[in-house]
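These notes are about the structure you will find just below.
Protein chains get the first letters and strands the later ones, always in sequence-line order, with residue 1 at the start of each. Both backbone and side-chain heavy atoms feed into the values below; hydrogens, waters and symmetry mates do not. On a predicted model such as this, the values are computed, not experimentally measured, just so you know.
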Protein chains: 2
Amino acid sequence: MGSRSNVVIDGIRQMITSGELVAGSRLPVERELGARLGVSRGPLREGVRALVVLGVLETRQGDGTYVTSLEPGQLLEPLGMLAELQSPENSVHLLAVRRVLEPEAAAHAALRISDDELAEARRILERGEAILSVGDDVDLEATIDVDTEFHRLIATASGNPAFAAIIDALVGRTARARLWRAIHQHGAVHDTQREHRAILDALEAHDPDRARIRMSVHVLGVEDYTERHVDEQPVDDVD
Amino acid sequence: MGSRSNVVIDGIRQMITSGELVAGSRLPVERELGARLGVSRGPLREGVRALVVLGVLETRQGDGTYVTSLEPGQLLEPLGMLAELQSPENSVHLLAVRRVLEPEAAAHAALRISDDELAEARRILERGEAILSVGDDVDLEATIDVDTEFHRLIATASGNPAFAAIIDALVGRTARARLWRAIHQHGAVHDTQREHRAILDALEAHDPDRARIRMSVHVLGVEDYTERHVDEQPVDDVD
DNA sequence: GCGCTCGAAGTCATCAGACCTTTCACCATG
DNA sequence: CATGGTGAAAGGTCTGATGACTTCGAGCGC
């Protein structure tokens, strides 16, 4: 048992679930909170830091410690780092989740996407076409950005923050970079762009069935690429 | 920003992604690791503790600190606590995710569930029937356990650990208790049991389509209950 | 009166040192 | 060969002091 600092985590968690602390609340000072939970500042800070990483708390030096909004997007953020740590074999499992979630998100998005969001989606795809039009020397980083933003926009437009957060986190940068390199090597970047365009058409028509099906096909293709090229590339850390 | 302890987290994360540390590796001792990352023991322990909570590291007093298996089930575990902190309004969003994932998991499970797992599923549902047969005074806690175990078994049998972990975590105990109270108040416990039985039949027949459809109906019903009774019950903390 | 500057108090962040608890391996003993 | 003890090593905890940052208000100049 990592006893003392777990006491801190459980204690703060219960203070939240009991309603003593709500979103935006300020926590007692370190000394006081430590005394109340029966731990010294060391373990107390460990527990608080863990909750900060989980997106539950937020510390501001010189000011105090506060409870975050506790919204799904906030709390699911650390998922991103975890996806990053997955070995390539497990990427297949994560992609399977994406394959299920994204078509549903697209269908929802088709029903409720706003004109502003549609315009934004069009802008993103136009950037993608501009990148591809330069010829064979495609800017891979920029292509990945386009892909990421397009999928993120749809996930957000679904209106379900949990969808958005999970989808956003599920495929980390490393896996995504590896994937796109494979796609590029096989000259499939134009296929991807065309699939994106087809999805956008369905969104513009507010047609959930077409949006769902086209997103399914799209992600399925991504999944195939991953399965086939899972062991091709070494990992190169970016950040 | 969150300077020193974030340095620790990023540092360890990069040691893992770079391959210097792999699953099961032992980390350098605290003093040495701290010296290497340029931090003292305090912040170092904060960062390590955060990664322990995220399921990335594991500390054993008197022995050392080790990298965990890094499997999806391990890393997605903290999701459970986060679901617990969600306000009832957001439970709807989490259930929407469940509604998409669980039918797919059931379909996969139908194709690959083992005889042992089928036997286990039967035992679980028999327990559920035993609970219901006693009359009107139903043991709500035991019913919740049966429901949890049944869904968890199917998620595991899907063969995708990411499915299992997300489904398992998505509806926390508090939300689940609230939900079941509503179901019970409306005398719908028998309906639930019958739906479970129908799903099991599909699994025994290894029929993915029927499994998917029946799980869809089942979770959809759960979702309806949640939407209708989201604001009925106060939160009562259990643990 | 108004605005600006500066300082004091409060708070989190970090460092340093000491001591406790647990684990494991080695070794002596039977 | 088995067994138990002993000690080194590692993480866990506590304490005190110092630094960094934010906030707020008093004082000052205009």
Side-chain angles (χ1 to χ4, degrees), chain A residues 1-13 15-16 20-70 74 77-78 81, chain B residues 1-16 20-70 74 77-78:
Chain A
M1 308 278 190
S3 12
R4 290 288 179 271
S5 57
N6 273 34
V7 169
V8 173
I9 294 176
D10 286 342
I12 295 178
R13 203 194 46 162
M15 288 166 77
I16 294 176
E20 179 181 346
L21 294 175
V22 299
S25 294
R26 175 178 169 160
L27 272 69
V29 237
E30 285 185 348
R31 311 286 297 249
E32 186 180 335
L33 186 56
R36 172 170 166 180
L37 296 172
V39 303
S40 73
R41 296 207 334 280
L44 176 78
R45 285 182 55 77
E46 291 177 21
V48 169
R49 173 67 59 188
L51 290 175
V52 168
V53 171
L54 285 176
V56 176
L57 299 180
E58 179 189 8
T59 61
R60 300 183 213 149
Q61 182 178 177
D63 187 359
T65 305
Y66 298 83
V67 180
T68 67
S69 64
L70 295 180
Q74 185 96 38
E77 186 211 335
M81 190 180 70
Chain B
M1 292 289 251
S3 1
R4 290 292 182 266
S5 56
N6 274 33
V7 169
V8 174
I9 294 176
D10 287 342
I12 296 178
R13 203 196 45 167
Q14 287 191 16
M15 289 167 75
I16 294 177
E20 179 181 347
L21 295 176
V22 298
S25 293
R26 175 177 168 161
L27 273 70
V29 287
E30 285 186 345
R31 290 180 166 81
E32 184 181 335
L33 185 57
R36 172 170 166 180
L37 295 172
V39 303
S40 71
R41 275 188 79 199
L44 176 78
R45 287 182 54 78
E46 291 178 23
V48 168
R49 173 67 56 190
L51 290 176
V52 167
V53 170
L54 285 176
V56 176
L57 300 181
E58 178 189 6
T59 61
R60 301 183 213 147
Q61 182 177 179
D63 186 359
T65 305
Y66 298 83
V67 180
T68 66
S69 64
L70 296 180
Q74 185 96 38
E77 185 209 337

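Atom CG of residue Leu44(B) and atom CZ of residue Arg4(B) lie 12.5 Å apart, to the nearest 0.5 angstrom.
Distances were taken from every side-chain heavy atom of Arg45(B) (C-beta onward) to each of dG11(D), dC12(C), dA10(D); the shortest belongs to dG11(D). The side chain of Arg26(A) lies closest to dT11(C) when the candidates are dT11(C), dA10(D), dT13(D).
Look at Thr59(B) and you'll find a side-chain N or O under 4.0 angstrom from OP1 or OP2 of dG12(D). Applying the 4.0 Å criterion to OP1 and OP2 of dT14(C), one finds that Ser3(B) has a side-chain N or O inside that range. Within the structure, a side-chain polar atom (N or O) of Thr65(B) is placed less than 4.0 Å from OP1 or OP2 of dG11(D). OP1 and OP2 of dC21(D) both lie 4.0 Å or more from every side-chain N or O belonging to Arg60(A).
Nucleotide dG12(D) holds its P atom 11 Å from the CD atom of Glu58(B), rounded to whole Å. Between Leu37(A) atom CG and dT13(D) atom P the separation is 13 Å, expressed in whole Å. Following rounding to the nearest Å, Glu46(B) (CD) and dT13(D) (P) show an atom-to-atom distance of 13 Å. Regarding Glu30(A), its CD atom lies at a distance of 10 Å from the P atom of dT11(C), rounded to whole Å. In this structure, Asn6(A) places its CG atom 10 Å from P of dG12(D), rounding to the nearest Å. Protein atom CG of Leu33(B) is 13 Å distant from nucleotide atom C1' of dG11(D), rounded to whole Å. Rounded to an integer number of Å, the gap from CD of Gln61(A) to C1' of dC21(D) is 5 Å. In this structure, Leu27(B) atom CG and dG11(D) atom C1' are separated by 12 Å, rounded to whole Å.
Under the 4.5 Å side-chain criterion, counting only non-hydrogen atoms from C-beta, Leu70(B) is in contact with Ile16(B). The shortest side-chain heavy-atom distance between Glu30(B) and Val48(B) does not fall under the 4.5 Å cut-off. Annotation: side chain of Met15(B) is in contact with side chain of Arg36(B) (closest heavy-atom distance under 4.5 Å).
Along DNA chain D, the nucleotide nearest to Pro28(B) and the one nearest to Gly62(A) differ in position, and the one closer to the 5' end is contacted by Pro28(B). For the pair Pro43(B) and Arg31(B), nearest-nucleotide mapping onto DNA chain C gives the more 5' position to Pro43(B).
Contacts of Gly42(B) with the nucleic acid, taken as non-hydrogen atoms under 4.0 Å apart, are absent.
Minimum heavy-atom separation, Val8(B) to Gly47(B): CG1-CA, 3.9 Å.
Taking 3.5 Å as the limit, the base of dT14(C) and the side chain of Arg41(B) contain no donor-acceptor pair of atoms between them.
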